[in-house]
Q: 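Once you've had a glance at the structure underneath, I'll fire off some questions.
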There are 2 protein chains.
Amino acid sequence: MSAFGFTSHDHAACISAGVAQAATACQAAGLQFTPVRRRVLEILLAEHRAMGAYDVLEHLRREGLGSQPPVAYRALDFLVKNGFAHKIERLNAFIACTRSGKDHAPVFLICSSCASVMETTWEPGESQLGVAADAVGFSVNAVVVEAMGTCPACRADIGR
Amino acid sequence: MSAFGFTSHDHAACISAGVAQAATACQAAGLQFTPVRRRVLEILLAEHRAMGAYDVLEHLRREGLGSQPPVAYRALDFLVKNGFAHKIERLNAFIACTRSGKDHAPVFLICSSCASVMETTWEPGESQLGVAADAVGFSVNAVVVEAMGTCPACRADIGR
DNA sequence: GGCTTTTTGTTGTCTTATTACACTTACTGC
DNA sequence: GCAGTAAGTGTAATAAGACAACAAAAAGCC
């Protein structure tokens, strides 16, 4: 058992489900879900936290799947572009998408003390942001929302 | 005349006002508004766009105010920490705060084609974000919202 | 099979950011 | 004023993150 967002779950099932979902989506879209790409997604799903490109590369290297930075970056770019993973700008790190398939505006809750990340969503259309952008004639394509704070586990630790 | 966000304004006044405001705030808080820090803020205000740390450093270097990266990073860290500037994570760049003084949750509208940045604000407390965070027991300290899109000027260029 | 497109392997380099340490300036209490 | 301490600056070196460019291999198509 491990942390999914901040709640427990069946982790092995969650990895295989994520990979299967991606495989299906790639097939449907005519994309190549190659071994490297599949493996990178598995690594991200297995860790269930934000990982740097070089962390991912280290895994690949140990498995003989590629040793140079571009290998990791290309796979990560593929996953991000197709919605199977997200980049957390604040951490220069990547995380598997937990809401794969849906076209969504991700929101990340990042714990400052343990660096765990939870993904949730919002509806930008309903927010002040859309209104403010419209007011100045700015058309929004993509929104990144990253909230720094303390996760429940770390709050408990502090109180202990 | 130059772009302030996406609307025109008296730029010289805006620089001196920004610096004066920061000077006052530093005095009130017992912070040292040193020449390097002042100059970095002036540079950010003068350009009125997101600048990389090395862009800022280049200005300092030409003026003999420091030539090594830490000089720029320390000044920028000071400005960010005290709310006189913000870091745009998505661009690895910094921009002077246009709402100095108020404790606010900044929102950035970033133009993908010309890289200009407009700052606005929102009220996270009223949003779904606060609700979602509360629901999982996550306490939010700071929120970064960065919207990629197209600014009015670039939209006009495309249409032309 | 031959052709085109996509993906991978690899080298090298560039940008962004920080650590570490010496030195100087500013504040504090006496 | 002046020691003692804290804060800030100068500098060198290096770590971390990211990508451009090109060659080789694999996949998809006719």
Side-chain angles (χ1 to χ4, degrees), chain A residues 22-23 26-41 43-44 49-82 84-95 115 144 146, chain B residues 22-23 25-41 43-44 49-82 84-95 110 115 144 146:
Chain A
C26 283
Q27 189 135 40
L31 300 169
Q32 296 182 45
F33 197 47
T34 64
V36 180
R37 292 170 178 175
R38 169 187 293 264
R39 190 69 196 109
V40 169
L41 180 58
I43 291 166
L44 290 180
R49 62 181 178 84
M51 301 181 73
Y54 282 70
D55 296 336
V56 172
L57 182 59
E58 186 51 37
H59 277 77
L60 294 178
R61 193 170 275 162
R62 281 202 291 268
E63 299 166 18
L65 259 172
S67 60
Q68 250 46 48
V71 174
Y73 279 104
R74 283 193 288 235
L76 289 166
D77 284 350
F78 171 86
L79 295 174
V80 169
K81 192 166 71 182
N82 296 108
F84 306 128
H86 296 292
K87 180 170 188 184
I88 314 283
E89 298 288 343
R90 184 101 182 206
L91 305 176
N92 294 319
F94 300 82
I95 192 166
V144 172
E146 298 176 0
Chain B
C26 285
Q27 189 134 39
L31 300 169
Q32 297 183 45
F33 197 50
T34 65
V36 181
R37 291 168 178 178
R38 170 188 293 264
R39 191 66 196 109
V40 169
L41 181 57
I43 290 166
L44 289 180
R49 62 182 177 87
M51 299 180 74
Y54 282 71
D55 295 336
V56 172
L57 181 60
E58 185 52 37
H59 277 80
L60 294 177
R61 193 170 275 161
R62 280 201 294 267
E63 298 166 19
L65 259 172
S67 59
Q68 250 47 46
V71 174
Y73 278 103
R74 283 192 289 235
L76 288 167
D77 284 350
F78 171 87
L79 296 174
V80 169
K81 192 164 71 183
N82 297 106
F84 306 128
H86 297 292
K87 180 169 187 183
I88 315 284
E89 299 289 344
R90 184 100 184 207
L91 304 176
N92 294 317
F94 300 83
I95 192 165
I110 306 164
V144 173
E146 298 176 0

Q: Using only modelled atom types and a 3.5 angstrom limit, is any donor from either the side chain of Tyr54(A) or the base of dA18(D) paired with an acceptor on the other?
A: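 Yes.
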Q: Quick one: sort the Phe84(B) and Phe33(B) rings into parallel, tilted or perpendicular, breaks at 30° and 60°.
A: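 Ring orientation, 0 to 90° scale: perpendicular.
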Q: Starting at the 5' end of DNA chain D, which residue's closest nucleotide do you reach first, Arg74(B) or Asn92(B)?
A: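 Upstream on the strand: Arg74(B).
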Q: Leu65(B) near the nucleic acid: base, sugar-phosphate alone, or nothing, with a heavy-atom cut-off under 4.0 Å?
A: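 It contacts sugar-phosphate atoms only.
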Q: Checking Arg39(A) side chain against Leu60(A) main chain: does a donor-acceptor pair fall under 3.5 Å?
A: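 No.
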Q: Checking contacts here: which listed nucleotide (dA7(D), dC19(D), dT9(D)) is nearest the side-chain heavy atoms of Tyr73(A)?
A: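 Out of dA7(D), dC19(D), dT9(D), the nucleotide with an atom closest to Tyr73(A)'s side chain is dC19(D).
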Q: Please round to 10 degrees the angle between the axis of the first five pairs and the axis of the last five pairs in the helix from dG1(C)-dC30(D) to dC30(C)-dG1(D).
A: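 That helix has its two terminal axes inclined by roughly 40°.
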Q: Check the distance between dT9(D)'s P and Gln32(B)'s CD and give it to me in whole angstrom.
A: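 Going from Gln32(B) (CD) to dT9(D) (P), I get 7 Å.
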Q: Just verifying a value: how many Å separate Ile88(A) CD1 and Met51(A) CE, rounded to the nearest 0.5 Å?
A: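 Going from CD1 on Ile88(A) over to CE on Met51(A), the span is 13.0 Å.
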Q: Rounding to an integer number of Å, can you tell me how far Phe78(B) CZ sits from dA7(D) C1'?
A: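 Distance check: Phe78(B) CZ to dA7(D) C1' gives 11 Å.
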Q: Report the distance from atom CG of Leu57(A) to atom P of dC19(D), rounded to the nearest whole Å.
A: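 To the nearest whole Å, that distance equals 14 Å.
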Q: More 5' along DNA chain D: Leu31(B) or Pro69(B), using each one's nearest nucleotide?
A: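 Residue closer to the 5' terminus by nearest nucleotide: Leu31(B).
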Q: In this structure, how many angstroms lie between the C1' atom of dA16(D) and the NZ atom of Lys87(A), rounded?
A: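 Checked: the NZ to C1' distance equals 12 Å.
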Q: Are the side chain of Arg37(B) and the backbone of Ala75(B) linked by a donor-acceptor contact shorter than 3.5 Å?
A: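 Pair absent, no side-chain N/O of Arg37(B) close to backbone of Ala75(B).
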Q: Do the side-chain N or O atoms of Ser67(B) get closer than 4.0 angstrom to the phosphate oxygens (OP1, OP2) of dG10(D)?
A: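 Indeed not, no polar side-chain atom of Ser67(B) lies that close.
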Q: Checking the side chain of Glu146(A) only, and the main-chain atoms of Glu89(A) only, is there a donor and an acceptor separated by less than 3.5 Å?
A: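 It does hold such a pair.
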Q: Does Leu91(A) reach a base, just sugar-phosphate, or nothing at all? Heavy atoms under 4.0 Å.
A: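 The residue Leu91(A) makes no contact with any strand.
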Q: What's the CD-C1' distance between Gln68(A) and dC22(D), to the nearest Å?
A: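 Those two atoms, CD and C1', are 14 Å apart.
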Q: Go through it in stages, so that I can follow the logic: the residues are Val36(B) and Val71(B), the test is side-chain contact (heavy atoms from CB on, under 4.5 Å), and I'd like the CA-CA distance, side-chain angles, deciding distance and then a yes or no.
A: CA-CA 8 Å; Val36(B) 181; Val71(B) 174; 3.9 Å; yes
Q: What is the distance, to the nearest angstrom, from the CZ atom on Arg39(B) to the P atom on dG10(D)?
A: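 Arg39(B) atom CZ is separated from dG10(D) atom P by 15 Å.
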Q: Supply the atom-to-atom distance Leu44(A) CG to His59(A) NE2, rounded to the nearest 0.5 angstrom.
A: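 If we round to the nearest 0.5 Å, Leu44(A):CG and His59(A):NE2 are 9.5 Å apart.
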Q: On DNA chain C, reading 5' to 3', which nucleotide is the first and which the last to sit with an atom under 4.0 Å from a heavy atom of chain A, could you check?
A: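 Range of nucleotides touched by chain A: dT6(C) to dT11(C).
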Q: Is the shortest side-chain heavy-atom distance between Ile43(B) and Asp55(B) below 4.5 Å?
A: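 Side-chain contact under 4.5 Å: no.
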Q: If you assign each of Arg37(A) and Phe94(B) to its closest nucleotide in DNA chain C, which residue comes earlier from the 5' end?
A: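 Its nearest nucleotide being more 5', the pick is Arg37(A).
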Q: To the nearest 0.5 Å, how far apart are OG1 in Thr34(B) and CZ in Phe78(B)?
A: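 Answer for the OG1-CZ pair, Thr34(B) versus Phe78(B), is 7.0 Å.
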